[in-house]
Asks: 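Structure in structure tokens, see below.
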Amino acid sequence: MGVFEAQVLFATITSLIVLAVRRALKHARPLTPPGPGGLPLVGNLFDFPTSDPCLAASKWRKEYGDITYLNIMGMGIVYLHTAEVAKELLVKRGAVYSDRPPLIMATELCGYEPGALRSYGDRLRRQRALMERALGMMTIPTYHPLLEVETGNLLHQLVSSPGDYCQHITRYAGALSLLVVYGHRVTANDDEMLVLAKDCLELLCNEVMAAPPKGIWAVDVFPFLKNIPDWIPFASFKRKAAKWRIQISDFYNRPFAEVKRKMAESIATPSFCSILLQDEHGSMSAQKEYDIKWAANTILTGSIDTISTVIQHLLLLMVLYPDSFAKAREELDIVVKDRMPTFADRPSLPNSECVLSEILRLSCPIPLGLPHCLREDDVYNKYFIPKGTVVIANILAMTRDEELFPDPEIFNPERYGLTIDEATRKARDPRQWIFGFGRRRCPGIHLMESSVWLAMVAIIATLNVTKAVNANGKVVEPEVKFENMVFRIPNKFQCEIKPRSEQHAALISNTRLNLVP
Ligand code: HEM
């Protein structure tokens, strides 16, 4: 038999086997939710795009309805595209749907073990209780003075070097959490702890835990692979993990060690870590220290890119929709006149609430949430969802629901305006989706509400953010791109940032001088 005939025979036999196995599986397996049919063995591996995971999710929603099932090499992945299904499964059936998938690459191989990646159990409950102490609604007012200082710094920096606005915003978000969590004061954009956190977050979001398929490592699907020797050619993931482990260890150990050193020298600024460490009066158990260290790192990780995403969207939307900010600005001019807005002004600024809600909706900082995982088999409607299935809430789709939000991609704060009835306004509140669902819902909501609100009203009150004009006097349209695989943070776009007037410029520099401790 010639080579060609042998190949044809081989291909025919293989196809027959595949068909037979598929048919057998189809009859043997209970009905899973609808989704694209995959290839043998690899399943839907090639259905996932390598960039913009939200695009694929939105296509599946159109094709398969409220819920989509895919599998990668046998591991089930379910997308929930509507708030109704997400509430039914993630909230009402929270006892089954609140685990995280076991990310062996991230946790065991790279040594990254924050609360946000933990299964739902005692350790997570302990860490969430600690976070509640730092982030609960009653604690947030103690951070108001700090938020005012950092907002003053942010305005000053935006005016001093507007071209570096992305760095200034990252610094603002990072400085807040480094001070709240570790008592570490950031005084420059290249602050050592800030750079450490920023670089590590980039590594985690775009490599170690990127959205599928990039962030699903073979070892996550076939855990026995963690034991193969590092040197064999196929084990490049182990060599990468060994390198990343060092950077990740610095990320959670260094700021914590710094607090302990400062406490030993009695020079620590009060912070989440120092207060909890002090509570133990020197008799700290290893478990308690572990919990504090990881709860601290989880807060830092959770806050930087989310807060940055919202503030970068604010600038983008000011550029694209200047008229939609007019009402909020007029109201600010009347209420705060020639000073900076403060938290005491908030009840008198209803139009700024409409703007904030619409920015939160459009920015949708974590568009596919964080993955949940099923602890037991479950049945939803007629569909079987096996234990261990990864569940992804398509939050972006919920914030773009055309029935609730006509022209959903348009920025329109009037959706929440004073003429809208209370029930509709409530139904449209993006906070019910963008922070996730059930027992894993984001614990940082109150810090976000205060920090983003203050930064937003201070920016609207004092700055003009407009389209850039090039050397030929031509207006440059901002190029809007999203490349981060977890956060919907816009890539840097061109814009002009200037104080609204000489008086506003003076207000910004005076505020900063008065506030800097
Ligand atoms: C606009 C800002 C923010 C948004 C949109 C946001 C969104 C989310 C989402 C979608 C989740 C996943 C929830 C789930 O699994 O169902 C989450 C988890 C989390 N967020 Fe946020 N977040 C924001 C700000 C913050 C801030 C400021 C902090 C800390 C100060 C924070 C800390 C956390 C933590 C610790 C978790 C993990 C909770 C767990 O796994 O149990 N977030 N967040």
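In listed order, ligands and their atoms are each counted from 1.
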Asks: Could R439 and Y120 be counted as a cation-pi pair, given that NZ or CZ must be under 6.0 Å from the ring centre and within 45° of the axis?
Replies: yes
Asks: Quick check on contacts: which atoms of ligand 1 are under 4.0 angstrom from a heavy atom of V310?
Replies: 1 (C)
Asks: Hey, does the Lys NZ or Arg CZ of R441 hover above the aromatic six-ring of F435, less than 6.0 Å from the centre and inside 45° of the axis?
Replies: no
Asks: Using a 4.0 Å cut-off to any heavy atom of A116, which atoms of ligand 1 qualify?
Replies: 37 (C), 40 (O)
Asks: Is a side-chain donor or acceptor of R361 paired with a backbone partner of P408 at a separation under 3.5 angstrom?
Replies: yes
Asks: According to side chain to side chain contact (heavy atoms under 4.5 Å, CB included), who are the partners of E132, at least two apart in sequence or on a separate chain?
Replies: none
Asks: Taking atom 21 (Fe) of ligand 1 as the center, what protein N, O or S atoms are found at less than 2.8 Å?
Replies: C442 SG
Asks: Just to confirm my output: which protein heavy-atom neighbour is closest to atom 30 (C) of ligand 1, and how far is it?
Replies: I299 CG2, 3.5 Å
Asks: Would you name the heavy atoms of P367 and V486 that are closest together and state the gap between them?
Replies: CD-O, 3.3 Å
Asks: Just go through R128, R439, R488 and tell me whose heavy atom is the nearest to atom 39 (C) of ligand 1.
Replies: R128
Asks: Go through ligand 1 atom by atom and flag the ones less than 4.0 Å from a non-hydrogen atom of P365.
Replies: 1 (C), 5 (C)
Asks: Is it the case that the side chain of T389 and the backbone of P386 share a donor-acceptor pair, with hydrogens and angles ignored and the cut-off at 3.5 Å?
Replies: yes
Asks: Between L135 and ligand 1, which part of the residue brings a heavy atom under 4.0 Å of the ligand: side chain, backbone, both or neither?
Replies: side chain
Asks: Could you list which atoms of ligand 1 come closer than 4.0 Å to a heavy atom of T298?
Replies: 35 (C)
Asks: So if I count the atoms of ligand 1 from 1 in the order they appear, which ones are less than 4.0 Å from some heavy atom of L447?
Replies: 30 (C)
Asks: Donor-acceptor pair, D429 side chain versus Q432 backbone, under 3.5 Å?
Replies: no
Asks: As a check for students: among I395, I434, L368, L370, identify the option with a heavy atom nearest to atom 12 (C) of ligand 1.
Replies: L370
Asks: Please determine whether salt bridge (Lys or Arg N to Asp or Glu O under 4.0 Å) holds for the pair E376 and R93, giving the CA-CA distance in whole Å, both sets of side-chain angles, and the decisive distance to 0.1 Å.
Replies: CA-CA 11 Å; E376 292 164 17; R93 305 186 194 184; over 6 Å; no
Asks: Can you tell me if K327 has over 12 outside heavy atoms packed within less than 6.0 Å of its NZ?
Replies: no
Asks: Go through ligand 1 atom by atom and flag the ones less than 4.0 Å from a non-hydrogen atom of H372.
Replies: 14 (C), 15 (O), 16 (O)
Asks: In terms of atom number and element, which parts of ligand 1 are under 4.0 angstrom from non-hydrogen atoms of R100?
Replies: 14 (C), 15 (O), 39 (C), 40 (O)
Asks: Would you call R185-E150 a salt bridge at under 4.0 Å N-O?
Replies: yes
Asks: Between H168 and N153, does the side chain to side chain donor-acceptor pair (under 3.5 Å) criterion hold? Intermediate values first, please.
Replies: CA-CA 9 Å; H168 304 327; N153 278 334; over 6 Å; no
Asks: Mark up the atoms of ligand 1 that fall under 4.0 Å of a heavy atom belonging to M131, in ascending order.
Replies: 35 (C)
Asks: Please find out if less than 6.0 Å separates the ring center of F256 from that of W294.
Replies: no
Asks: Measure the distance from atom 13 (C) of ligand 1 to every protein heavy atom, then report the residue, atom name and distance (to 0.1 Å) of the closest one.
Replies: R440 O, 3.1 Å
